[in-house]
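One structure is given here, and the rest of the page talks about it.
Throughout, protein chains are lettered first and strands after them, A, B, ... in sequence-line order, and every chain is numbered starting at 1.
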Number of protein chains: 2
Amino acid sequence: MKRDSRLSGVLHVLLHMAQQPGPFTSETLAKAMDTNPVVIRRIMAGLRELDYVRSEKGHGGGWTLACDLSKVTLRDVYAALGSPSLLAMGHRTESPGCLVEQAVNAALDQAFHDAEALLLRRLGEVTLAMLGEDLRKRLGSRKIQDISAHRA
Amino acid sequence: MKRDSRLSGVLHVLLHMAQQPGPFTSETLAKAMDTNPVVIRRIMAGLRELDYVRSEKGHGGGWTLACDLSKVTLRDVYAALGSPSLLAMGHRTESPGCLVEQAVNAALDQAFHDAEALLLRRLGEVTLAMLGEDLRKRLGSRKIQDISAHRA
DNA sequence: CATCATGCAACATGTAAAGTTACATGAAAC
DNA sequence: GTTTCATGTAACTTTACATGTTGCATGATG
């Protein structure tokens, strides 16, 4: 199954934006992510809706952070993407008239639900600020890498 | 994202097989699952590899259970399918030369790994025998439903 | 040897993310 | 005001993968 990488992608973008001021154009961000500007706009649209970022048109326009990074968790970002399904597995039918199917679904649902809940809890425990802090540690003494120097 | 339903499907088949003796043809099982015989053969191939089921050709042939249901867990069945990815989300690149990407991946991996581990643990706690027991409870006083009477 | 069943390869379909193209909208620079 | 830059969005193409389908080879039973 093809895996959804929007969460990873949007976090990457946000973290880059947190490293330097100034608005970033979709094109700049797209180059850094090795993707297309339209894709950037798509995944950022949900964040703008929730006022996590702001976008402006015209000269000097682009994307700007507009939230307290210590107040936004990875779960919030996930929700901003529309809460796509987390699990790669599901049932074949949603209305099981067959008792065998019901028994199977009950067992799987239990496990799936627990895993999903744990995942959401974990995502809710990490803020963007914490991610930024972790990044700073990784950077160590090194200079902060300019986004334009992003290597694919 | 489209969700993989092979685990649900194969469990459905196994549980049906546990309800009555005799070999089942792929066609019979396929009708019960409202799918194609070839699909049945595909998902059963992995189980045969691990000797959970046996298949025989020719007249009177078909699929037969060949394991102790109290010794095979849902996790075993999952593994027999080739351990397809459990989570619907992943990273964009696997070799992150970018420190930002590394920081993001580290955070997500942590959460993903925990959820995956929990899910596997849960699946490992349920045996096919337990599923069968649960099914018997659901059946209650009702007669055991013949597989040929399976309603879609 | 005819029939039934699996084994398997090859191809078709459905779905969703990801990528692309095209054009409209609005803001700043000149 | 018109040119330039940037987002907004719809429509389309591509890609990946589960699923569905067809055809034929293989082997077992009657």
Find the distance [X]:[atom1] to [N]:[atom2] and express it as a whole number of Å.
X	N	atom1	atom2	answer
I43(B)	dA18(D)	CD1	P	13 Å
E27(A)	dC5(D)	CD	P	10 Å
I40(A)	dT7(D)	CD1	C1'	13 Å
L47(B)	dG7(C)	CG	P	12 Å
L81(B)	dC17(D)	CG	P	17 Å
K31(A)	dA6(D)	NZ	P	11 Å
E49(B)	dG7(C)	CD	C1'	12 Å
R3(B)	dT19(D)	CZ	C1'	17 Å

| Would you call R121(B)-E125(B) a salt bridge at under 4.0 Å N-O? | no
Is there a donor-acceptor pair closer than 3.5 Å between any side-chain N or O of [X] and the backbone N or O of [Y]?
X	Y	result
S5(B)	S8(B)	no
Q20(A)	H16(A)	no
D76(A)	T73(A)	yes
Y78(A)	P84(A)	yes

| message | Going by side-chain hydrogen bond (donor to acceptor under 3.5 Å, both in side chains), name the pairs with one or both residues in residues 39-48 of chain A, residues two or more places apart or in two chains. | response | S26(A)-R41(A), R48(A)-S55(A)
N or O in side chain of [X] less than 4.0 angstrom from [N] OP1/OP2:
X	N	result
S55(A)	dA6(D)	no
S5(B)	dT19(D)	yes
S26(B)	dT6(C)	yes
T25(B)	dA5(C)	no

| task | Taking the side chain as every heavy atom from C-beta outward, state whether L123(B) and L108(A) have any atom pair closer than 4.5 Å. | result | yes
| request: Decide yes or no for I40(A) and M44(A): does some side-chain heavy atom of the first lie under 4.5 Å from some side-chain heavy atom of the second? | output: yes
| request: Output, in order, the C-alpha distance, side-chain angles, deciding distance and verdict of side chain to side chain donor-acceptor pair (under 3.5 Å) for D109(A) and H91(A). | output: CA-CA 9 Å; D109(A) 280 343; H91(A) 316 129; 2.7 Å; yes
All N/O contacts under 3.5 Å from nucleotides 14-16 of chain C to the protein, with atom names and distances to one decimal?
unit_1  : atom_1 : unit_2 : atom_2 : d
dG14(C) : N2     : K2(B)  : NZ     : 2.8
dG14(C) : N3     : K2(B)  : NZ     : 3.3
dA16(C) : O3'    : M1(B)  : N      : 3.0

| query | Between dT6(C), dG19(C), dG20(D), which one does the side chain of R92(A) approach most closely? | reply | dG20(D)
| Considering only side-chain heavy atoms of R48(A), which listed nucleotide, dT9(D), dG20(D), dG7(C), is closest? | dT9(D)
| task | Could you encode protein contacts along nucleotides 22-30 of chain D as a string, one character per nucleotide from 5' to 3', using B for base contact, S for sugar-phosphate-only contact and - for no contact, with a heavy-atom cut-off of under 4.0 Å? | result | B---BBBB-
| Pick one: which of L86(B), L119(B), L87(B) meets side-chain contact (heavy atoms from CB on, under 4.5 Å) with M89(A)? | L86(B)
| task | Would you mind telling me which residue lines up with the more 5' stretch of DNA chain D, R42(A) or G61(A), judged by nearest nucleotide? | result | G61(A)
